[in-house]
Amino acid sequence: MSGDRPGVRARRTAPRELPPLSLDIHRMLDAFARHTVQAEFRFDTGAPLVVSVTFLVEGTPCITWRIGRDLLYQGLFWLSGLGDVQVWPAHLDERATAWLRLESYDLTALFEVPVPPLAEWLERSYELVPAGAEMDGLDWDDVIAGLLRAPGTPSG
């Protein structure tokens, strides 16, 4: 109960931000060799359609991919995505890991990602911004004006 009023429950408010998720994932070098890579997954409520994934490889610059949140989540359970980004379960019976395939120009990378922590983290992102509500509160006039504005023109 909350305060002095019987029968009134305190409403819990969800956090407005989701802490980044750091995971050790495996980059498949060939059928028998893999390399452990740290990946940091970030979700921004201001851009809720995407998840930013930064790959931290020692001795190289960080690389960030922006992947559709729905594509990433759905791929943990069945094949999702076309072209540059694809995600699918590694073992349909276990669902412990999923494959993440990224393609850019003539380079392709295949990663094995642990499903449970990523699925839980993505589910929390849907608590912050539910599926279908990503565009709520968007100022469409401002979006359209931005699209029609000539490149290099100030927005004010």
Side-chain angles (χ1 to χ4, degrees), residues 11-28 34-58 60-156:
R11 180 185 289 177
R12 282 193 200 180
T13 56
R16 294 299 307 149
E17 292 186 22
L18 182 61
L21 173 68
S22 291
L23 291 176
D24 285 338
I25 65 174
H26 300 285
R27 177 166 184 215
M28 305 307 293
R34 56 180 65 201
H35 176 74
T36 301
V37 174
Q38 186 178 21
E40 185 173 88
F41 294 79
R42 291 186 171 274
F43 176 74
D44 178 2
T45 57
L49 292 171
V50 298
V51 169
S52 296
V53 184
T54 301
F55 298 93
L56 309 166
V57 180
E58 192 174 312
T60 65
C62 295
I63 298 170
T64 300
W65 278 72
R66 286 170 184 74
I67 300 172
R69 178 175 66 156
D70 290 345
L71 182 153
L72 185 57
Y73 185 71
Q74 292 169 4
L76 300 180
F77 307 102
W78 57 83
L79 177 62
S80 181
L82 297 170
D84 295 350
V85 179
Q86 291 182 311
V87 185
W88 67 96
H91 306 284
L92 289 175
D93 53 338
E94 297 174 20
R95 297 188 193 263
T97 61
W99 297 115
L100 169 62
R101 182 180 170 276
L102 304 174
E103 186 175 334
S104 177
Y105 302 104
D106 60 346
L107 299 174
T108 300
L110 181 63
F111 300 93
E112 188 173 22
V113 180
V115 168
L118 183 55
E120 180 181 322
W121 183 83
L122 286 167
E123 287 165 6
R124 289 196 319 239
S125 80
Y126 284 108
E127 291 171 7
L128 290 174
V129 181
E134 293 92 351
M135 300 299 205
D136 290 358
L138 193 62
D139 182 349
W140 286 102
D141 291 336
D142 189 42
V143 170
I144 292 170
L147 293 172
L148 298 175
R149 191 177 303 120
T153 305
S155 61

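- Note: Y126 OH to D70 CG = 3.5 Å, rounded to the nearest 0.5 Å.
- Between V115 and P89 there is no side-chain heavy-atom pair separated by less than 4.5 Å.
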Side chain to side chain contact (heavy atoms under 4.5 Å, CB included) evaluation trace for L76 with L122: CA-CA 10 Å; L76 300 180; L122 286 167; 4.0 Å; yes
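- Here R27 pairs with nothing under the salt bridge (Lys or Arg N to Asp or Glu O under 4.0 Å) rule; sequence neighbours left out.
- Here the shortest heavy-atom pairing between V87 and A98 reads CG1-CB, 4.5 Å.
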Show me the donor-acceptor pairs, under 3.5 Å and distance only, between side chains in residues 40-49 and residues at least two apart or in other chains.
from	atom 1	to	atom 2	distance (Å)
E40	OE1	R42	NE	2.9
E40	OE1	R42	NH2	3.1
D44	OD1	G46	N	2.8

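- Judged purely by atom type and a 3.5 angstrom limit, R69 uses its side chain to pair as donor or acceptor with the backbone of S125.
- Residue L21 comes nearest to P117 through the heavy atom pair CD2-O, 3.8 Å, listed as atom of the first residue, atom of the second, then distance.
- Under the salt bridge (Lys or Arg N to Asp or Glu O under 4.0 Å) criterion, E123 pairs with no residue at all, not counting sequence neighbours.
- Without hydrogens or angle criteria, W121 side chain to P19 main chain gives a donor-acceptor distance under 3.5 Å.
- Separation of atoms CD1 (I67) and CD (Q86) is listed at 12.0 Å; rounding is to 0.5 Å.
- Interatomic distance, L72 CG to L118 CG, rounded to the nearest 0.5 Å: 5.0 Å.
- Heavy atoms only, all atoms of each residue included: G83 and E103 are closest at O-OE1, 4.3 Å.
- Between atom CZ of residue F111 and atom OG1 of residue T97 there is a gap of 14.5 Å, rounded to the nearest 0.5 Å.
- To the nearest 0.5 Å, atom CG of residue L100 and atom CG of residue L110 are 8.0 Å apart.
- Of the options D24, T54, V57, I25, a side-chain contact (heavy atoms from CB on, under 4.5 Å) to Q38 is made by D24 and by none of the others.
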